[in-house]
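We use all heavy atoms of the structure for the numbers below, so side chains are in, but hydrogens, waters and symmetry mates are not.
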Amino acid sequence: MAEYNSLEKIRLQKLEELRAEGVEPYPTRASRTHTSAQAIVEFEAGEKENKETQVTLAGRLRSMRPKGKLSFAHIEDGAGKIQLFFRVNEVGEARLELFNKMFDLGDFISATGVMMRTKAGEVTLQVHDFSLLAKSVTPLPADKDVTQADGTVVRYATLDDPEIRARQRYADLAVNPEVRETFRKRAKLVKALRAFLDDHDFLEVETPILQPLYGGAAARPFTTHHNELDQDMYLRISFELYLKRLLVGNLERVYEIGRDFRNEGVSFKHNPEFTQLEFYWAYADYLQVMELTEQMVAYAAEQVTGSTKVTFGEHELDFKPPWRRLEMRQGILEASGIDIAEHATAEALFKAIKAKHPNKTPDPQATRGKMIDFLLGEFLEPTLIQPTFLYNYPRDISPLAKSIPGDPLTVERFEGYVAGFELCNAFTELNDPLDQEQRFLEMGRDYANDEEEKHPLDEDYLRAMRYGMPPNGGFGMGVDRLAMMFLNKHSIREVLLFPALRKEE
RNA sequence: GGGCGCGUAGCUCAAUGGUAGAGCAGCGGCCUUUUAAGCCGUUUGUUGAGAGUUCGAGCCUCUCCGCGCUCACCA
């Protein structure tokens with residue numbers, strides 16, 4: 001049962017009084033003829049010929065300035081704000097008093113009248129009639145700017161508590177227009193990615209979120225249970241293994257944009273569920289995928305921000321192709337002074353790191369690939385600001401990627417880095433069923449004592465591959481991270497409408 | 001999970017261990033072209049929860065809850 005504070009009690013009282021006077025505070029239907037923006041455009045077009053513009057508008061009351069026998073107010077709708085002007089001459093004394101006393105900031109109302117321009121020049125609706133569409137019981141965390149005598153503007157009561165903003169996103173959206181804009185742009189981003197892939201003959205598909213086995217990434221899954229089947233199920237950690245099954249089925253270019261779930265830490269760049277884009281492209285290799293990637297991201301940047309140049313914090317990022325290409329071995333050598341090619345075993349590599357950087361050493365028990373990954377994260381990653389493709393990865397941390405011909409320890413894999421963090425990951429996909437089975441078994445051995453890294457062997461995936469899978473290039477990208485970059489947001493929570501939060505109470 | 005920090009009115013924030021405050025919002029007035037108007041008057045609190053120290057706790061201690069930053073974890 002809700003408990004009401006003093007402000008809410010006053011509004012509930014008003015609500016009852018309105019009902020008593022025959023005004024339904026939550027009518028079933030509303031009507032409007034124009035949005036605020038349409039009304040302004042139409043009025044301005046007909047203004048010179050003194051053409052009368054009659055409209056019905058609807059929106060949320062955002063400000064009220066009662067002035068005795070007249071009243072000004074602004075409502076906000078999906079297209080913006082517009083001023084309403086109430087006079088006793090048009091609406092009568094009783095209705096004006098009803099408006100002034102019984103209506104509150106946050107109420108949804110509709111108003112019918114004729115467009116006009118005030119003395120101050122603002123295009124305004126002169127109201128002839130109005131009605132309540134929905135009473136607001138809880139006051140919005142309204143903000144207010146006040147200009148002081150010395151000219152400085154003091155902003156009072158802006159909703160900026162990150163917890164309330166995320167938990168009560170509805171209130172955040174209602175009072176912070178720039179937040180609405182953020183999510184409009186995010187929608188544009190997703191639309192642009194779709195349009196790009198559609199234009200390149202990729203087929204959008206949907207694969208299971210609820211899976212009997214999980215795979216395609218090294219991450220801990222969420223586990224659930226199907227009652228009727230009496231079977232444990234997992235929320236997917238990637239789309240990879242299902243999408244590649246489709247290549248076996250002769251679908252040559254497929255993609256999916258959807259939610260992945262990883263039961264891991266939460267941080268400014270990790271949310272337990274996040275939006276992933278993956279595509280698989282038959283007869284292509286990782287170099288072709290690289291080119292398509294830079295084109296796709298540059299296209300999306302232009303669609304969302306109007307340019308390939310994007311400001312992200314202190315950086316000006318330019319997504320214009322071609323992006324810098326850096327071989328991983330070379331990059332690590334430059335950043336850390338260690339040539340991984342000279343240290344073929346984990347032990348040797350560990351010694352080399354310890355000799356060079358005594359204060360920055362990986363877990364001595366780690367595999368060679370993990371140590372390389374450590375070097376990458378520790379020394380190289382922070383230096384990769386402008387969009388960069390880092391390519392050629394160690395085989396043992398890439399169980400689904402194909403080796404470079406003649407170099408069995410290195411795979412045809414790249415990751416795209418921007419502003420010091422990983423944006424995407426792609427490779428020439430392994431399509432040899434026997435090699436794939438071997439890789440799965442190696443993984444099982446390497447991580448036999450590591451419950452978190454142990455992955456189930458997907459026999460059905462191997463069966464699919466044995467039917468024959470065309471050579472192909474695959475790609476995965478965190479859409480939320482791209483949104484962060486394009487929208488200059490430094491926390492993933494700013495680009496998620498409802499980020500994961502601990503339960504209240 | 002570890003470390004650091006924060007939590008005070010509806011909102012944004014003050015308050016050397018000594019009477020819990022301000023602005024805005026709200027409420028009551030005045031006001032027929034305002035610009036998130038102005039003027040007069042006025043209400044608002046389990047200081048996140050619980051325990052302890054103290055003559056006395058918003059402030060000190062402990063436990064818990066939530067959030068932020070950070071480290072760890074993380075293709």
Atom-pair distance (CG on A:N5; P on B:G45), nearest Å: 11 Å
A:D104 side-chain proximity, nearest of B:G66, B:U70, B:C27: B:C27
A:E47 atom CD, over 12 foreign heavy atoms within 6.0 Å: yes
Given A:W323, A:Y286, A:Y417, the one that forms side-chain contact (heavy atoms from CB on, under 4.5 Å) with A:F389: A:W323
Between protein and nucleic acid, restricted to nucleotides 42-44 of chain B and to nitrogen or oxygen atoms under 3.5 Å apart, what atom pairs and distances do you find?
none

Separation of atom CE in A:M371 from atom P in B:A75, rounded to whole Å: 16 Å
Residue-phosphate contact under 4.0 Å: A:K14 side-chain N/O, B:C27 OP1/OP2: yes
For atom CZ of A:F261 and atom C1' of B:C74, their distance in whole Å: 17 Å
Any donor-acceptor pair under 3.5 Å from A:R395 side chain to A:S403 backbone: no
Protein-nucleotide distance (A:I492, atom CD1; B:C69, atom C1'), rounded to Å: 17 Å
Nearest-angstrom distance from the residue atom CG of A:L7 to C1' of B:C27: 10 Å
Pairs flagged by ring-ring contact (aromatic ring centres under 6.0 Å, His included) wherever residues 63-84 of chain A is involved - sequence neighbours left out: A:F72-A:F85
For atom CZ of A:R439 and atom C1' of B:A75, their distance in whole Å: 14 Å
Residues which pass ring pair (Phe, Tyr, Trp, His ring centres under 6.0 Å) with A:F261, listed by chain and number, not counting sequence neighbours: none
No-hydrogen, no-angle side-chain donor-acceptor test under 3.5 Å, A:T118 and A:Q83: no
Side-chain donor or acceptor of A:E429 paired with backbone N/O of A:G474 under 3.5 Å: yes
Check the interface with nucleotides 30-34 of chain B: list each N/O to N/O pair with the protein under 3.5 Å, or write none.
unit_1 : atom_1 : unit_2 : atom_2 : d
B:C31  : N3     : A:G68  : N      : 3.3
B:C31  : N4     : A:G68  : N      : 3.3
B:U32  : OP2    : A:K69  : N      : 3.2
B:U32  : N3     : A:N89  : OD1    : 3.1
B:U32  : O4     : A:N89  : OD1    : 3.4
B:U33  : O2     : A:K119 : N      : 3.0
B:U34  : O2     : A:R65  : NE     : 2.7
B:U34  : O2     : A:R65  : NH2    : 3.0
B:U34  : O2     : A:Q83  : OE1    : 3.3
B:U34  : N3     : A:Q83  : OE1    : 2.9
B:U34  : N3     : A:Q83  : NE2    : 3.1
B:U34  : O4     : A:Q83  : NE2    : 2.7
B:U34  : O4     : A:T118 : OG1    : 2.9

5' precedence on RNA chain B between A:H270 and A:A500 (nearest-nucleotide basis): A:A500
Length of the CG-C1' vector between A:N271 and B:C74, whole Å: 14 Å
Residues which pass ring pair (Phe, Tyr, Trp, His ring centres under 6.0 Å) with A:H490, listed by chain and number, not counting sequence neighbours: A:F312
Name of the residue among A:T428, A:N425, A:N392 meeting side-chain hydrogen bond (donor to acceptor under 3.5 Å, both in side chains) with A:R413: A:N425
Under the 3.5 Å Watson-Crick or G-U criterion, the dot-bracket string of RNA chain B, with | for inter-strand pairs: (((((((..((((....[..)))).(((((.......))))).....(((((..]....))))))))))))....
Side-chain donor-acceptor pair present, A:S36, A:D77, cut-off under 3.5 Å: yes
Nearest to side-chain heavy atoms of A:K101, which nucleotide of B:G26, B:A75, B:G29: B:G29
